[in-house]
Structures are given as structure tokens and as C-alpha cells.
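Chain naming here is simple, since letters A, B, ... match the order of the sequence lines and numbering starts at 1 in each. No experiment lies behind these values; they were computed from the predicted model shown.
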Amino acid sequence: MHDKIFPIGPQHPSLKEPIFLKLHVDGSYITKAEFNLGYAHRGVEKCAEGYLLDTALHAVQRTCGICSQCHSLAFLNAVEPMAGIEVPDKVYLQRLLSAELERIHSHLLWGGLMAHEIGLETLFMYYWREREHILDVFDDLTGNRVHHSPDLIGTAKRAFNRKNLDFILEKLDLIEPEVKELKEVMRSERVITSRFKKHGMIPRKMAIDLGLVGPTARGSGVENDVRVHDPYMAYAFKELKVKPVVRNECDSWGRSMVRCDEVFESIGLIRKACEMIDPKEDVPKRKNVFAKGTYGRGRSEAPRGENFHFVKVENNRISRIKMRTPTLANLICYSRIMEGEDITDVPVIMMSLDPCISCMERVAVIRNEKKEVWTSHELFEGKKHD
Amino acid sequence: MLNVTDEIKKMKADRLVSITVAKEKGKNIVFYHLARNDSPEILEYSIKVPKNEQVKSLIDLFENAALYEAEATELFGVKFRGNELSGKRLFQGEGPPIPKTCAFKGAFRVTKDA
């Protein structure tokens, strides 16, 4: 037996974000997998500290380019009860619209990257062509295609009118048949099925024991969805009950099919929400927000799973914010599911988990050609900066 | 060593959501957030950790505690006994060396007005 180490990353064509995988291999089979992080950090938690709640929201919304709305919702779930603010139904519905549009956009982005990993470049372009429609909707609703940030504490930056809602419905009518066809391509294409089925197995028990979240857990038969178990905002309306998509295959294929089917679930939710929104109603004006409590916690269901925010407030300013992103919750299974697989399957298995590395990173400082990690106190005081 | 395992067992949680450390009057407070499958609420347990005191790892109850505890050790220096990852750097392992030609040499102070 020859134990060799095969490195992948941190910069590698098959990785869209930097992560270093250290694979111990026997021939081309992986016997052990380890990972290192810390190659991309934006310090969002630190950026939000010291600011008033509504200013901090600005930083929180920029945690992730793909699921910025879901970070915003988790933060608002933590902060709005602390501030004792009542939020009108229209604002809740607008937030649901943005969150579900974001889920469609994220899953289509994932589909494109998945196709790219296995060399199906045409399928990649078809997926991303459909994704463009959703980005056009964000552009129309908020003026931004990626970091759309439509929220304010207790209200929204603007009210959606009839024209906006018609544009959303028009785009959904365009993408729905196309996405159905893309799903059919995935189901019938032998290259995809042979590389996804029975690879990257996460048995149901492992998913429960490791506390996995999102499509990664739902692809292993675990019905874990915050929108269902802890319905927040408009998800608590009886007309907008979510039916979680759960598959029992426990492999990369199961996780992929969960994402495909969730697109249709989201389209259904958006259509219902568009019917419920009163296009003539205005949203409340922005007010100064004062926190009455000290601690707040909130969660939301991001496209990758449960997003958890913990907020500590002192003198109406944020003194600590913790964002537990779904990728951090799912990270623990990475090394286990790689074991026993072939090296060539690593990019596909990684993609089936849909990691979002940059949202998860904390802090790393480069000093004297070595990386260092600073504690929160050192960072705040700047003690290591001589 | 502070043992939180028994108290957390009594909460009958199904899943560990997160472990967070926050500072209050110079002392570290460790917050455990947990969830049950049949209930929408998030359960919370917190404990003040004096300086140089260790906390018993929750790894026997919840395997995913390993990463959250490692992160807490890195950012706040709270040590968890029984967690192999707790002493190691989660976000700073032995990765490839940074090339000497790297443009980002030196220490950069992170300030909010930068």
C-alpha cells in the first residue's frame, strides 16, 4: 500500500472558491481527506460590530453574493423582536419573494457549475441563461443584480408595484418550461447519472448525527427545513406553507434532485405570494431603531440550508455578531464522504454539496510570509500591529 | 474544567445549531444554541468561562461541535478538552506556503474607517 498525499487547491480549476483539500491516496482511491480553510476572508462579522442595528444590516446583507437576502432575513429575525417592531404583511411577502427568487437563482447557478465540472459546457450555458432572467428581476425590483439588499429593519426600501409583480410572473413563465427541460436532461444524460449515482454517500444516520442542513440533509432523507419547522415571516401564512423536497437516495444524485425540485416549489410560492401582495399598498417609512433587549438570535432557510445569526447589543450598538452559515454546518461531512472515492469524483462530490466558502471564512492575516489568525480581542485592539 | 454536558443533556435537544463566544466585562461567555425536531424554538445554554479555565467538549453528544469549538478556540482562546481540533487551527492549517513574490506581505490593521 502506497500512501501519497494529493493536494487540491487552494487555487484549482475545479474549485470556484479557495479551500485546500489534502487527500491521502492509495493509487487513485482516497483513504483519508483533510481540509484547510482561511484563504478568503472579508471580515463581515467584524465590519458589523460597533454599528447601529440598521447600519449593521448593510454589512450583513453583503455576507454572500448568492444568498444575501437570507443573511438579511436571519439578522432581521434576530433584531426585529429585540426592537419590538411590528412589520406589515406586505413587507413580509416582499421578503419572501426576494428569498425564493434567490433560491431559484442559487440552484440554477449550482446547476451550471455542476454541468461545468463534468464537462457539459452547453448545459452550463443553458442553466446560466435561465439564471439571467432572475438577475433581471432583481435589477427591476431593487436596481442591483447581485447584492440586491431590499430590506430595512421593520420595512423595505421600496414597495413592489403591479408592474414589478407582472415582470416577476412573466419571467417565471419563461423559465419554468426551460428548467423542466433541463431537469429532464439531467435525469436522462448518462454522463451525469453515472457520475452522481452512488457517489458521495451520506447515510441518513450520518446526516442526523452530524447535524447537516439544507439540501445536503434533505438529499439523505432528513426533513430539515427552517421554513417548515420554524416558519418565519410570510412562511407562517397558511396559504404559503412549504412542502419540503426530501429524497432518500443519500448520494450526489439525491442532493441534485432536491435542488432541481426546489426550483419548482419556489416558483409555486412566488406565484402565490404575488397574488397576495397588494400592489397599491405602500411600505412604512424608515424609522430609527432602538434595541430593547441584549441578545437576539434568528435563523432563515438559505439555498444551502439553515442560516443562524446571533446578535449581542450594547448601548444600541452591535458588540458581537455570529453568523453560522450552512456551509460551516455541512463542512464536517466533507472529509468523510471523500473516503473510498476516486480522485476524479472529488470535484463532482464537492459540487453536489454546493459549498459557499467565502461566507464561512472568519479571519486570517498574512504577516512575515506566514498566515496568522487573530483573536477577536487582538483584532479590536490592533495589538499585533506594531 | 467546566462540564456542560449534563446540563445540555437535560435539554433533550436533537441538534446542535451553533456555539458562540461573546465577551462581557472582559469575561468570555460561551453560548450553546440547540434545536429539537418537534419544536420551532431555539434552545440556549450559556456559561461564563474564567480565564485559563477549560470547558468539556460536547463532541460525545454532538459530533458537529468539533468545528464550532475549534472556531471558538481560534477567535477567543476558549479551550475545549476532549476536542482534538480545538488546539489546532481550523482556518490556518499547514497549507501551501505563500510565495516570496506575494504582494500582500506585512501586517494590515483592520479598521472600520479604512
Ion pair A:E49/A:K46, N-O distance below 4.0 Å: yes
Portion of B:I29 that has a non-hydrogen atom of chain A nearer than 4.5 angstrom: side chain
Which atoms of A:E314 approach chain B - backbone, side chain, both or neither, heavy atom under 4.5 Å: side chain
Chain B contact via A:E223 - side chain, backbone, both or neither, heavy atoms under 4.5 Å: neither
A:V213 portion near chain B, given a 4.5 angstrom heavy-atom threshold: side chain
Beyond-backbone contact of B:Y32 with B:I47, side-chain heavy atoms, under 4.5 angstrom: yes
Any side-chain heavy-atom pair of B:N37 and A:H229 under 4.5 Å: no
Heavy-atom closest pair, residues B:K56 and B:T5: CD-OG1, 3.9 Å
Chain A contact via B:A65 - side chain, backbone, both or neither, heavy atoms under 4.5 Å: neither
Aromatic ring pairing A:H309/A:F75, orientation class (parallel under 30°, perpendicular over 60°, tilted between): perpendicular
Which portion of A:Y295 sits near chain B, non-hydrogen atoms under 4.5 angstrom: side chain
